[in-house]
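For reference, the structure is listed below as structure tokens.
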There are 2 protein chains.
Amino acid sequence: MQDFIIIGHKAVTTGGFSLNDMPGSAGRMDILCRCINSVFFLSHDLRRDVQAHLLLLGEPNSPRLIRFNGEKLRYLNPDERSAGALIKKALELDNISSLETRSTPGVWVREAGMQTLLDEFARDGRKIFYLREDGKDIRHMAEETKDSVFVLGDHLGLTEDEESLVLEMSAGTISLGPLSLHADHCIILIHNELDRLTTSQIER
Amino acid sequence: MQDFIIIGHKAVTTGGFSLNDMPGSAGRMDILCRCINSVFFLSHDLRRDVQAHLLLLGEPNSPRLIRFNGEKLRYLNPDERSAGALIKKALELDNISSLETRSTPGVWVREAGMQTLLDEFARDGRKIFYLREDGKDIRHMAEETKDSVFVLGDHLGLTEDEESLVLEMSAGTISLGPLSLHADHCIILIHNELDRLTTSQIER
């Protein structure tokens, strides 16, 4: 399984946002929605062995951590509004605590931050990789990145504190090519690298 | 320059559609919007040396061909609604003919179909590639695909007639990996392959 953590520094933490203004008043929620699309969609199918963890750090109830699980996920269509509607439903729950609550099939929400999430992955022995332009080319280390956790920033990247935390716990930084790309585009490139690996193993 | 042709078989050909229902009543216009995002966006920048050609074949005024040019493009944000709004403005023009009319900076619209567009590229000596799962792996032919035209289908793929036309005029079919992917995801993988080529040439 691959896990993708995407940080939305300004993403609002209330279900009261408008699906018609996700880039504006919802705090660039559109970025997180596009990441959900990239994590899960194949042509006429969903990727099942994968999870997305959206860390929302905007007003008024930061932090909120929303987990999407491919195996259980339902009611997701490829458009941004569809992912936005599932995020909205998760944030609308009125009993959000540090324990996960399911909002819709395959979607859970809790009050938790980056440290908690990374600690959990580390405890499970999962390798954590940070995506950064000066990292090691994924094409030279695809095998190492199987079944890993990938941390991606939004349009603001990661803060210094976040970056220190991630680097301290990570197995390394990886890059995907010569240009700096949006998080949702990075996810597509990671998937492709791992898809190629899996298939070439099947063929052997 | 790279050119991407994306076919929207059901995409409506009137500006009267709602930005709130692009997957439904607008005929999967959301697919074309996501392709626009993939063609143009870098992190905090736009790709300039690239064009997108959206071929809209839905009711009531099919065909409509909308060209987005990266060098001239303005008013485009990464969210689906932003691309949708530019498409809407193009379709709202009341003097659409076989000659291109500019709707907003970097966006032109005309009445033209696939045959016309492919003929123009062929006349300019451009290589045309068709994306299909059984094609040749782009990683083995990246150099050949520089400055080319890439043809991608929507959720319906290409019709038999369209496929015959494209294959007749194409320099080959290419594949991007072992799984069948959405058109907007394919564009990301093509860009990455060519980005890697360009940069490794600069380094030499």
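- Remark: the backbone N or O of B:Met22 is not paired with any side-chain donor or acceptor of A:Arg81 at under 3.5 angstrom.
- With a threshold of 4.5 angstrom between heavy atoms, A:Asp137 approaches chain B through side-chain atoms but not through N, CA, C or O.
- Nearest heavy atoms, A:Leu176 versus B:Arg196: O-NH2, 2.9 Å.
- When B:Pro78, B:Ala183, B:Cys33 are compared by the number of non-hydrogen pairs under 4.5 Å with chain A, B:Pro78 comes out ahead.
- Considering CG of A:Asn192 and CG of B:Leu189, their distance stands at 4.5 Å, rounded to 0.5 Å.
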**Prompt:** Which is it for A:Arg34 and B:Asp79 under the side chain to side chain contact (heavy atoms under 4.5 Å, CB included) test, yes or no, and what are the steps along the way?
**Reply:** CA-CA 8 Å; A:Arg34 284 193 296 281; B:Asp79 60 301; 3.9 Å; yes
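- The minimum heavy-atom distance between B:Arg47 and A:Leu181, with the atom names listed, is NH2-CD2, 4.0 Å.
- Annotation: the span from A:Asp154 atom CG to B:Ser43 atom OG amounts to 10.0 Å, rounded to 0.5 Å.
- With hydrogens and angles left out, the side-chain atoms of B:His185 and A:Asn37 include a donor and acceptor closer than 3.5 Å.
- Heavy-atom pairs under 4.5 Å with chain A were tallied for B:Glu80, B:His191, B:His182; the largest tally goes to B:Glu80.
- Using a 4.5 Å cut-off between heavy atoms, A:Leu179 touches chain B through its side chain atoms alone.
- With a threshold of 4.5 angstrom between heavy atoms, A:Pro23 approaches chain B through side-chain atoms but not through N, CA, C or O.
- With a 4.5 angstrom heavy-atom cutoff, A:Ser82 does not touch chain B via any of its atoms.
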